[in-house]
Colleague: 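Got a structure for you, written out below as structure tokens; questions coming shortly.
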Amino acid sequence: MGNYKVVVVGTDGSDTSFRAVDRAASIAAESGAKLFIASAFQDSDHGGGTDPDQLRNEEYRTQGNAPVYDMLREAAARARDAGATDVEERAIAGAPVEALVELAEEVDADLLVVGDVGNNSLVGRVIGSVPRAVKRRAKTEVLVVETQD
């Protein structure tokens, strides 16, 4: 790993995504880098998605904006426990890929960290996964962290 000044990591609140946060925090701690922890959410005021109170699938993590702040606080606490000292939380309305890539550009990140969830799923192989899409679109170095057991 290089000497980074700004690291961005995405989380959806899942245990596996917190593994990516842990790795990004470790890198930030080793480099003395600023760490941005981001989570994308679907703006419930736009797009007419499902009612966030109806927990039909895992979208509950990112539907509406209230749960996102709790998960970001938890992720930031984990990052600080891992040694990162300069941590900023960002909740971003929109799709995960666009949110992460745009944030990385906005803060001039040296490294963008994502978990590998979806890389080996059928859907990931057929239509693409968030990690693959991030790697294609990002204009900075991308680290895909293995998060599966």
Colleague: Mind checking what makes side-chain hydrogen bond (donor to acceptor under 3.5 Å, both in side chains) contact with Asp22, not counting sequence neighbours?
Modeller: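 Partners of Asp22 by the side-chain hydrogen bond (donor to acceptor under 3.5 Å, both in side chains) criterion, ordered by chain and then number, come out as Arg78.
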
Colleague: Rounded to the nearest 0.5 Å, what separates atom OG in Ser39 from atom CG in Asp70?
Modeller: 11.0 Å

Colleague: Rounded to the nearest 0.5 Å, what separates atom CG in Leu72 from atom CD in Glu88?
Modeller: 11.0 Å

Colleague: Only counting residues at least two apart or in another chain, list the ones meeting salt bridge (Lys or Arg N to Asp or Glu O under 4.0 Å) with Glu74.
Modeller: none

Colleague: I need the Met71 CE to Phe18 CZ distance, nearest 0.5 Å.
Modeller: 7.5 Å

Colleague: Taking Val144's backbone N and O only, do any of them form a donor-acceptor pair with Asp116's side chain (distance below 3.5 Å, no angle check)?
Modeller: no

Colleague: Not counting sequence neighbours, list each pair that qualifies as a salt bridge (charged side-chain N to carboxylate O under 4.0 Å, His left out) and has a residue in residues 95-104.
Modeller: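 Residue pairs passing salt bridge (charged side-chain N to carboxylate O under 4.0 Å, His left out), neighbours aside: Glu98-Arg137.
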
Colleague: If you take all heavy atoms of Asp110 and Lys5, which pair is closest and at what distance?
Modeller: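 Nearest heavy atoms, Asp110 then Lys5: OD2-N, 2.6 Å.
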
Colleague: Is there side-chain contact between Val107 and Arg90, with heavy atoms separated by less than 4.5 Å?
Modeller: yes

Colleague: Write down the atom of Ala104, the atom of Val8, and the distance for their closest heavy-atom approach.
Modeller: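 Result for this residue pair: CA-CG2, 4.1 Å.
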
Colleague: Taking the side chain as everything from C-beta on, heavy atoms only, tell me whether Val6 gets closer than 4.5 Å to Thr140.
Modeller: no

Colleague: Which atom pair, heavy atoms only, marks the closest approach of Val114 to Ala20?
Modeller: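 The pair with the smallest heavy-atom distance is C-CB, 4.0 Å.
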
Colleague: Please name the pair of heavy atoms, one in Ala40 and one in Gly94, separated by the smallest distance, quoted to 0.1 Å.
Modeller: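 So the minimum-distance heavy-atom pair works out to CB-O, 3.3 Å.
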
Colleague: Got a second to check how far Leu103's CG is from Leu112's CG, nearest 0.5 Å?
Modeller: 8.5 Å

Colleague: Which heavy-atom pair separates Gly10 from Leu100 by the least distance, and what is that distance?
Modeller: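 Shortest heavy-atom separation between Gly10 and Leu100 comes out as CA-CD2, 3.6 Å.
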
Colleague: Using 0.5 Å steps for rounding, measure from the CZ atom of Phe36 to the CD1 atom of Ile92.
Modeller: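 So the gap between those two atoms works out to 10.0 Å.
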
Colleague: Can you check whether Ile27 reaches Arg23 side chain to side chain, under 4.5 Å on heavy atoms?
Modeller: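 Yes. Closest side-chain heavy atoms under 4.5 Å.
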
Colleague: Mind listing the closest non-hydrogen atom pair of Ala84 and Ala25 along with its distance?
Modeller: CB-O, 3.9 Å

Colleague: At what distance, to the nearest 0.5 angstrom, does CG of Asp12 lie from CZ of Phe41?
Modeller: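 Going from the CG atom of Asp12 to the CZ atom of Phe41 covers 14.5 Å.
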
